[in-house]
Amino acid sequence: MHRLAVLTSGGDASGMNAAIRAVVRSAIYRGMEVYGVHQGFAGLLNEELIPMTAGSVADIIHRGGTILQTSRSEEFRTGSGQAKAAALLDQWGISSLVVIGGEGSLKGGHELSKLGVNVIGIPATIDNDVPFTYSIGFDTAVNTVLGAINRLRDTATSHGRIFVIEVMGRECGEIALAAGLAGGAESVLIPEITPDLEQVINKIKQGINRGKLHSIIIVAEGVYPALELKEIIESATDHDTRVTILGHIQRGGTPTGVDRIMASTMGKTAVDLIYEGQRGLMVGGDRNRVYTIPLQGVVQGNRVTDLSMYDMVGMLSI
Ligand code: F6P
């Protein structure tokens, strides 16, 4: 009987549970034996593997986080850690591994596939920074940010204030751009574009002149210190400015329909690929389609952020 394992790795993302459920149930449906690895690659190195049944994944499709838990393993980053993981999988009689995670996790998966393990990757990270695909968790995170922007708009309007809202994304501006466009922000600061503070200030002043009751500035983490930005804006505009750093509330919460559909489709497809004997692939796609890309191509690729959204944010908030 074919034996496979599934793990989640890196930062948790809403929809990971729906993906685990799809992998486990599709594997059982296909007559395979399936193990869940606790705590990602670190758990693999500690042999934290448990047999999964259809019931192990009951009642999780709507839950954020990951029932398998996750980690960022230093040991697994080393060649000896990767060799140990491959040897352990061999000892357990596990020939295929489904890795659910972001860019770093898929890189780790690719290293294992070079050592003979059949690794199939599923992109899952709120950052949406995996090349050639949308990632599970991104849609939920954007909607969480939008919920926060809606609330902050209420208070911003009531006081006539400016709000600087810092969002996550590591080195990628996808959350900031999507939330900025869908949230009607005045300006968005992202790592892909050098910040132009003069432009930000001018935009706020223009808004004040035409009677706007508030301004929303979205800053991706690491691009510009939000508290410093507040000081600069206050002294340039003479308007009350507040800062909200959304932080980890962007990571959890019940996954959106889009994330659950992507997770279910990608999880099922990952098992189909294993069943068909295909190797070393990532399942990519979005809400409407699913396709495969060699893991080798994914780790060598760069995500190209759609910067047309950046221009639209400015154009639509005049
Ligand atoms: O990769 C997901 C992410 O939430 C990034 O957006 C953020 O930079 C990072 O993880 C935070 O990591 P940690 O949860 O380890 O603080």
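Starting from 1, each residue takes its place in the sequence as its number. The basis for the numbers below is simple: all heavy atoms, side chains too, and nothing from hydrogens, waters or symmetry mates. For ligands, and for the atoms within them, numbers begin at 1 and follow the listed sequence.
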Is the shortest distance from a Lys or Arg side-chain nitrogen in [X] or [Y] to a carboxylate oxygen in the other one below 4.0 Å?
{"X": "Glu111", "Y": "Lys107", "result": "no"}
{"X": "Arg287", "Y": "Asp139", "result": "no"}
{"X": "Glu174", "Y": "Arg303", "result": "yes"}
{"X": "Arg170", "Y": "Glu103", "result": "no"}

| said: For Tyr291, is the OH atom crowded, meaning more than 12 foreign heavy atoms sit under 6.0 Å from it? | reply: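 Counting neighbours around OH of Tyr291, more than 12 heavy atoms of other residues, nucleotides or ligands fall under 6.0 Å, so yes.
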| Do Leu97 and Leu4 come close enough that some side-chain heavy atom pair is under 4.5 Å? |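 Result no, sub-4.5 Å side-chain heavy-atom pair not found.
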| task | Determine whether any heavy atom of Arg72 lies closer than 4.0 Å to an atom of ligand 1. | result |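 In this structure, Arg72 qualifies as a contact of ligand 1 - some heavy atom is under 4.0 Å.
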| Gly102 near ligand 1 by a heavy-atom separation under 4.0 Å |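 No, that is not the case, since the closest heavy atom of the residue is not under 4.0 Å from the ligand.
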| task | Could you find the nearest protein heavy atom to atom 11 (C) of ligand 1 and give me its residue, atom name and distance? | result |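 Among all protein heavy atoms, the one nearest atom 11 (C) of ligand 1 is Arg251 NH1, 3.7 Å.
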| field | Nearest-neighbour protein heavy atom for atom 9 (C) of ligand 1, which is reported as residue plus atom name and distance | value |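 Result: Arg170 NH2, 3.7 Å.
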| said: My understanding is that we take every heavy atom of each candidate and find the minimum distance to atom 6 (O) of ligand 1. Doing that for Thr125, Asp127, Val167, Asp12, which one comes out nearest? | reply: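 Going through Thr125, Asp127, Val167, Asp12 one by one, Asp127 has the nearest heavy atom to atom 6 (O) of ligand 1.
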Would you mind running through ligand 1 and noting each atom that sits below 4.0 Å from a heavy atom of [X]?
{"X": "Glu221", "value": "5 (C), 6 (O), 7 (C), 8 (O)"}
{"X": "His248", "value": "13 (P), 14 (O), 16 (O)"}
{"X": "Ile126", "value": "4 (O)"}
{"X": "Gly169", "value": "6 (O)"}

| query | Sequence neighbours excluded, which residues qualify as side chain to side chain contact (heavy atoms under 4.5 Å, CB included) partners of Ile61? | reply |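 If we apply the side chain to side chain contact (heavy atoms under 4.5 Å, CB included) test to Ile61, skipping adjacent residues, the hits are Ala18, Arg21, Arg260, Ser264.
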